[in-house]
Amino acid sequence: MQEHFHFTTDRVKLQKQYASILLFVSAQLSSIQIPLQRRNHHLLKQKDEVIIAVHVLGKLLGFTSERAWHQFVIGNLFPKELFPERSRYNRRCRVLGFAIKWIRHQPAKPAKRGQHHAYAVVDSLPLPLCHPARMQRVKRFRGIADMGYCASKRVTFYGWKLHLQVTDQGLPMGYVVTEASCHDRVAAETVMTQIPHPYNLGDKGYISQKLQKKLYEEHRVAFWTPVRKNQRIRQSDAWKQWMKRKRKVVETVFSILVDSYRITEIRANSVSGFETALDGILLAYSLVVLGLVER
């Protein structure tokens, strides 16, 4: 499917998307001092902001193959002699991973204390690394990833789990990637305290009075979840329906990230490469949510 972009992409729209991303990245990158010591700085074919903008554009268009994306860039955005070769481009993307992460946090900072965002929702998404038939013999990220169970999909998978916090408008905030077997409660505090929002909602996987008390006392973060049938606490039907309706935003975000941005198909074979790709996807989606880039 990705090869068809060569014949079906509107180059005018592509240039507009690239220009919008480059403008945003350049504005954010100018406010930080990138601690990179390069002996061959004068030999760089493109600046750091261009490399980051190209990386984010690839995630915006749904490319999962770095080879296919590099070929697409050479054929549509830059001539071959003015753009780094594929291996060097990929290395520079990984080196600039910390800058991509920093830039991704900037659009979410107004939501830190509830500005323009009424509440935030926390949930988890399985990130399988192989087909279920290969779980017992797969070597990719062996020793880091493991097998886990997704209750909502009723499936066992090998890989990681993405714990993500989004605002009521679908803007990604904090996230944590853990092994697939990690329970949602374990990662909840880390996710919600990266860019803390004062009001948060979760599903039954986050039920823990100890967690709710700790979040409020230490971080002034209120966290509400549904209750189980065997709990003494009783919630009204209106409250249950309201919470169910408000939590749909995170399910919508996951659906878009999986179907349009292909977040479950990241092909990186290193932790740094995987993290850089994930941050690129979340940054591209954030720019679309904010209306800064046209999808």
Side-chain angles (χ1 to χ4, degrees), residues 2 21 25 29 32 34-40 44-74 83-105 124-132 134-148 157-164 172 174-182 187 190-191 194 257-258 261-286:
Q2 294 175 351
I21 296 174
V25 171
L29 210 58
I32 63 174
I34 300 182
L36 293 179
Q37 301 296 329
R38 295 192 180 100
R39 288 179 294 181
N40 59 346
L44 293 178
K45 292 185 177 181
Q46 293 295 339
K47 296 181 178 179
D48 291 334
E49 51 264 36
V50 173
I51 298 298
I52 295 175
V54 170
H55 174 74
V56 175
L57 180 61
K59 305 310 176 186
L60 177 69
L61 298 179
F63 277 82
T64 58
S65 170
E66 294 297 342
R67 183 188 298 273
W69 172 235
H70 188 268
Q71 292 176 350
F72 180 83
V73 171
I74 295 300
F83 197 75
E85 61 179 357
R86 181 171 60 86
S87 60
R88 185 172 296 275
Y89 163 73
N90 291 335
R91 286 198 301 272
R92 286 190 64 186
C93 286
R94 291 194 296 270
V95 170
L96 291 169
F98 76 97
I100 297 174
K101 183 181 292 292
W102 188 89
I103 294 172
R104 190 193 70 80
H105 281 176
S124 62
L125 175 72
L127 298 177
L129 295 175
C130 69
H131 190 276
R134 299 185 61 248
M135 287 192 302
Q136 300 298 333
R137 63 179 187 275
V138 65
K139 296 181 180 179
R140 187 184 179 197
F141 293 113
R142 179 63 69 182
I144 305 176
D146 63 5
M147 287 190 288
F157 67 98
Y158 170 83
W160 286 325
K161 186 185 288 186
L162 172 66
H163 305 264
L164 181 66
Y175 82 85
V176 173
V177 177
T178 65
E179 61 274 13
S181 60
C182 179
T190 306
V191 173
Q194 288 182 11
L257 290 176
V258 171
Y261 295 83
R262 306 173 75 178
I263 195 171
T264 57
E265 301 176 37
I266 298 176
R267 299 185 183 183
N269 289 317
S270 66
V271 174
S272 60
F274 194 96
E275 186 177 10
T276 301
L278 186 58
D279 279 316
I281 291 174
L282 294 178
L283 175 55
Y285 177 70
S286 298

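Note that this is a predicted model, so its numbers are computed, not measured.
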**Q.** Closest approach of C93 to I51 (non-hydrogen atoms, all atoms of both residues)
**A.** SG-CG2, 3.9 Å
Q: Evaluate the side chain to side chain contact (heavy atoms under 4.5 Å, CB included) criterion for residues V176 and Q194: first the C-alpha distance (whole Å), next the side-chain angles of each, then the deciding distance (0.1 Å), finally the verdict.
A: CA-CA 9 Å; V176 173; Q194 288 182 11; 3.5 Å; yes
Q) If we only count heavy atoms from C-beta on, is the F157 to M147 side-chain gap below 4.5 Å? A) no
**Q.** Stepwise side chain to side chain contact (heavy atoms under 4.5 Å, CB included) test for L60 and Y285
**A.** CA-CA 7 Å; L60 177 69; Y285 177 70; over 6 Å; no
Q) Does the side chain of P126 come within less than 4.5 Å of K161's, by heavy atoms? A) no
Q: Verify side chain to side chain contact (heavy atoms under 4.5 Å, CB included) between L57 and V73, making sure each step is shown before the conclusion.
A: CA-CA 10 Å; L57 180 61; V73 171; over 6 Å; no
**Q.** Side-chain heavy atoms of V177 within contact of H163, under 4.5 Å
**A.** no
Q.
Salt bridge or not between E66 and K59? Use side-chain N to carboxylate O under 4.0 Å.
A. yes
Q. To the nearest 0.5 Å, how far apart are CD1 in I52 and CD1 in I100?
A. 5.0 Å
Q.
Are Y89 and H55 an aromatic pair, judged by ring center distance below 6.0 Å?
A. no
Q) Taking atom CZ of F98 and atom CD1 of I103, what is their separation to the nearest 0.5 Å? A) 9.0 Å
Q) For the residue pair A99 and L29, what are the closest heavy atoms and their distance? A) CB-CD1, 4.0 Å
(Q) Give me the atom names and distance for the closest heavy-atom approach of I266 to A277. (A) CG2-CB, 3.8 Å
Q. Do you know the tightest heavy-atom contact between I74 and F83?
A. CD1-CB, 3.8 Å
Q | Rounded distance (nearest 0.5 Å) linking atom CG of L127 with atom OH of Y158 | A | 13.0 Å
Q | Within-4.5 Å side-chain heavy-atom neighbours: L164 and P172 | A | yes
Q.
In the structure I gave you, are the side-chain heavy atoms of K101 and T276 within less than 4.5 Å of one another anywhere?
A. no
Q) Rounded to the nearest 0.5 Å, how far apart are CZ of R134 and CZ of R140? A) 9.5 Å
Q.
Are the side chains of R267 and S65 in contact, using a 4.5 Å heavy-atom criterion?
A. yes
Q.
For K45, I'd like to know if atom NZ has over 12 heavy atoms of other residues, nucleotides or ligands within 6.0 Å.
A. yes
Q) Is the shortest heavy-atom distance from the side chain of V25 to the side chain of V50 under 4.5 Å? A) no
Q.
How about CZ on R67, more than 12 heavy atoms from neighbouring residues, nucleotides or ligands closer than 6.0 Å, or not?
A. no
Q.
Nearest 0.5 Å, please: how far is CZ in R104 from CG in L278?
A. 8.0 Å
(Q) Distance check, rounded to the nearest 0.5 Å: C130 atom SG versus Q136 atom CD? (A) 9.5 Å
Q: Assign the ring pair F274 / W160 to parallel, tilted or perpendicular, where the plane angle (0 to 90°) is split at 30° and 60°.
A: perpendicular
Q) Between L257 and I281, which heavy-atom pair has the shortest distance, and what is it? A) CD2-CG2, 4.1 Å
Q.
In the structure I gave you, are the side-chain heavy atoms of T64 and W69 within less than 4.5 Å of one another anywhere?
A. no
(Q) Please find the pair of heavy atoms, one from S181 and one from D146, that lie closest to each other, and give the distance. (A) OG-OD2, 2.5 Å
Q | Side-chain donor/acceptor of H70 to backbone N/O of R86, under 3.5 Å | A | yes
Q. What's the verdict on side chain to side chain contact (heavy atoms under 4.5 Å, CB included) for L283 and I21, showing C-alpha distance, side-chain angles and the deciding distance?
A. CA-CA 10 Å; L283 175 55; I21 296 174; over 6 Å; no
**Q.** Test salt bridge (charged side-chain N to carboxylate O under 4.0 Å, His left out) applied to E275 and R94, step by step
**A.** CA-CA 9 Å; E275 186 177 10; R94 291 194 296 270; over 6 Å; no
